[in-house]
Amino acid sequence: QQQVKQSPQSLIVQKGGISIINCAYENTAFDYFPWYQQFPGKGPALLIAIRPDVSEKKEGRFTISFNKSAKQFSLHIMDSQPGDSATYFCAAQSPGSARQLTFGSGTQLTVLP
Amino acid sequence: DGGITQSPKYLFRKEGQNVTLSCEQNLNHDAMYWYRQDPGQGLRLIYYSQIVNDFQKGDIAEGYSVSREKKESFPLTVTSAQKNPTAFYLCASSTSSYNEQFFGPGTRLTVL
């Protein structure tokens, strides 16, 4: 049962453009929503994260927008660069001591020079 | 990769053989996790451990086994019972104080 749905599966953006990736979740108990960036053959690395009591978080060119009532959150990459070309995963974390992450299926971003 | 090492980077196995993937961390993290990554499916949790000598099944534990005899080590055994073991395997760790999970560089397992 997929609890975090991510779209689009792939995205092609011109250099300098805005990349937008969307995620939707079902479990209202999730209390932490990270985005991970993964380059080919490497492990994912945390990019930015948000808690549900905040509607937006910005770190440099990366912004998370969070809509608690709609159970949706999105990643915006401003001024996209070829070096941003990677696979991006949204995730949602369960409360409690286990802190399990449920991942979306990933978005392969290509930024054209 | 954040103080987590996985070995080997590439692993080839014949059908019917068990193989063990290594994961070591020097971050003094209490919790460790194993994920499986397949194309187009994101990461799926196999097993996790919050403390030494204790571990729990994740979403896809069938055909896998783990041990946690030391805080810094969490090896994963892919048994012959795993029907489709070819995948990219990722180990991660975290502390109770932070939400972030730090990932290792992964092991790509191919069954021949």
Side-chain angles (χ1 to χ4, degrees), chain A residues 1-11 21-25 27 29-54 57 59 64 75 86-108, chain B residues 1-10 21 23-25 27 29-51 54-61 87-110:
Chain A
Q1 179 183 2
Q2 184 182 17
Q3 295 187 349
V4 180
K5 294 183 179 181
Q6 183 172 345
S7 62
Q9 186 175 7
S10 63
L11 180 62
I21 304 171
N22 301 299
C23 285
Y25 62 97
N27 187 350
F30 289 142
D31 64 357
Y32 178 72
F33 299 86
W35 284 89
Y36 282 84
Q37 179 188 55
Q38 185 180 31
F39 293 102
K42 306 293 186 182
L46 180 68
L47 187 64
I48 187 172
I50 197 168
R51 293 193 174 278
D53 54 347
V54 177
K57 183 175 182 180
E59 290 184 0
I64 299 178
L75 175 69
T87 300
Y88 293 81
F89 293 95
C90 63
Q93 193 165 52
S94 303
S97 58
R99 309 300 290 160
Q100 293 183 59
L101 282 172
T102 300
F103 284 85
S105 56
T107 296
Q108 187 170 350
Chain B
D1 287 88
I4 300 177
T5 58
Q6 291 186 243
S7 61
K9 186 174 179 63
Y10 299 97
L21 282 59
C23 177
E24 303 277 335
Q25 54 98 0
L27 303 170
H29 286 174
D30 295 308
M32 297 187 74
Y33 308 81
W34 272 106
Y35 293 90
R36 171 182 171 136
Q37 184 174 21
D38 296 283
Q41 295 192 42
L43 282 70
R44 293 181 290 168
L45 182 65
I46 304 172
Y47 268 99
Y48 65 98
S49 169
Q50 295 175 258
I51 57 173
D54 187 46
F55 48 84
Q56 288 77 40
K57 294 182 179 180
D59 299 323
I60 55 166
F88 190 48
Y89 290 88
L90 289 158
C91 178
S93 69
S94 69
T95 71
S96 56
S97 303
Y98 296 96
N99 296 305
E100 179 180 1
Q101 289 186 17
F102 294 84
F103 284 84
T107 292
R108 186 165 299 279
L109 172 64
T110 302

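Every chain is numbered from 1, with letters handed out A, B, ... down the list of sequences.
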Quick one: side-chain contact (heavy atoms from CB on, under 4.5 Å) partners of B:Ala61, sequence neighbours excluded?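 Testing B:Ala61 for side-chain contact (heavy atoms from CB on, under 4.5 Å), a comparison that skips the adjacent residues, returns B:Tyr47, B:Lys57.
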Side chain, backbone, both or neither: which part of B:Gln101 has a heavy atom under 4.5 Å from chain A?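 Looking at B:Gln101, backbone and side chain both touch chain A.
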Tell me, side chain or backbone of A:Pro34 under 4.5 Å from chain B's heavy atoms, or both, or neither?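 Contact with chain B is absent: no heavy atom of A:Pro34 under 4.5 Å.
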Contact class of A:Gln38 relative to chain B, heavy atoms under 4.5 angstrom: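 Answer is side chain: those atoms of A:Gln38 sit under 4.5 Å from chain B.
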Does atom CD of B:Glu24 have more than 12 heavy-atom neighbours, drawn from other residues, nucleotides or ligands, at distances under 6.0 Å?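 Count over threshold, so yes.
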Please report the closest heavy-atom contact between [X] and [Y], naming both atoms and the distance.
X	Y	value
B:Leu90	A:Pro44	CD1-CD, 3.7 Å
A:Tyr32	B:Glu100	OH-N, 4.2 Å
B:Gln37	A:Phe89	NE2-CZ, 3.1 Å

When rounded to the nearest 0.5 angstrom, what distance separates [atom1] in [X] from [atom2] in [Y]?
X	Y	atom1	atom2	answer
A:Phe103	B:Tyr35	CZ	OH	5.0 Å
B:Phe102	A:Leu46	CZ	CG	7.5 Å
A:Gln100	B:Tyr33	CD	OH	8.0 Å

How would you list, by chain and number, every residue that makes a side-chain hydrogen bond (donor to acceptor under 3.5 Å, both in side chains) with A:Thr87, sequence neighbours excluded?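 Per chain and number, A:Thr87 pairs via side-chain hydrogen bond (donor to acceptor under 3.5 Å, both in side chains) with no residue.
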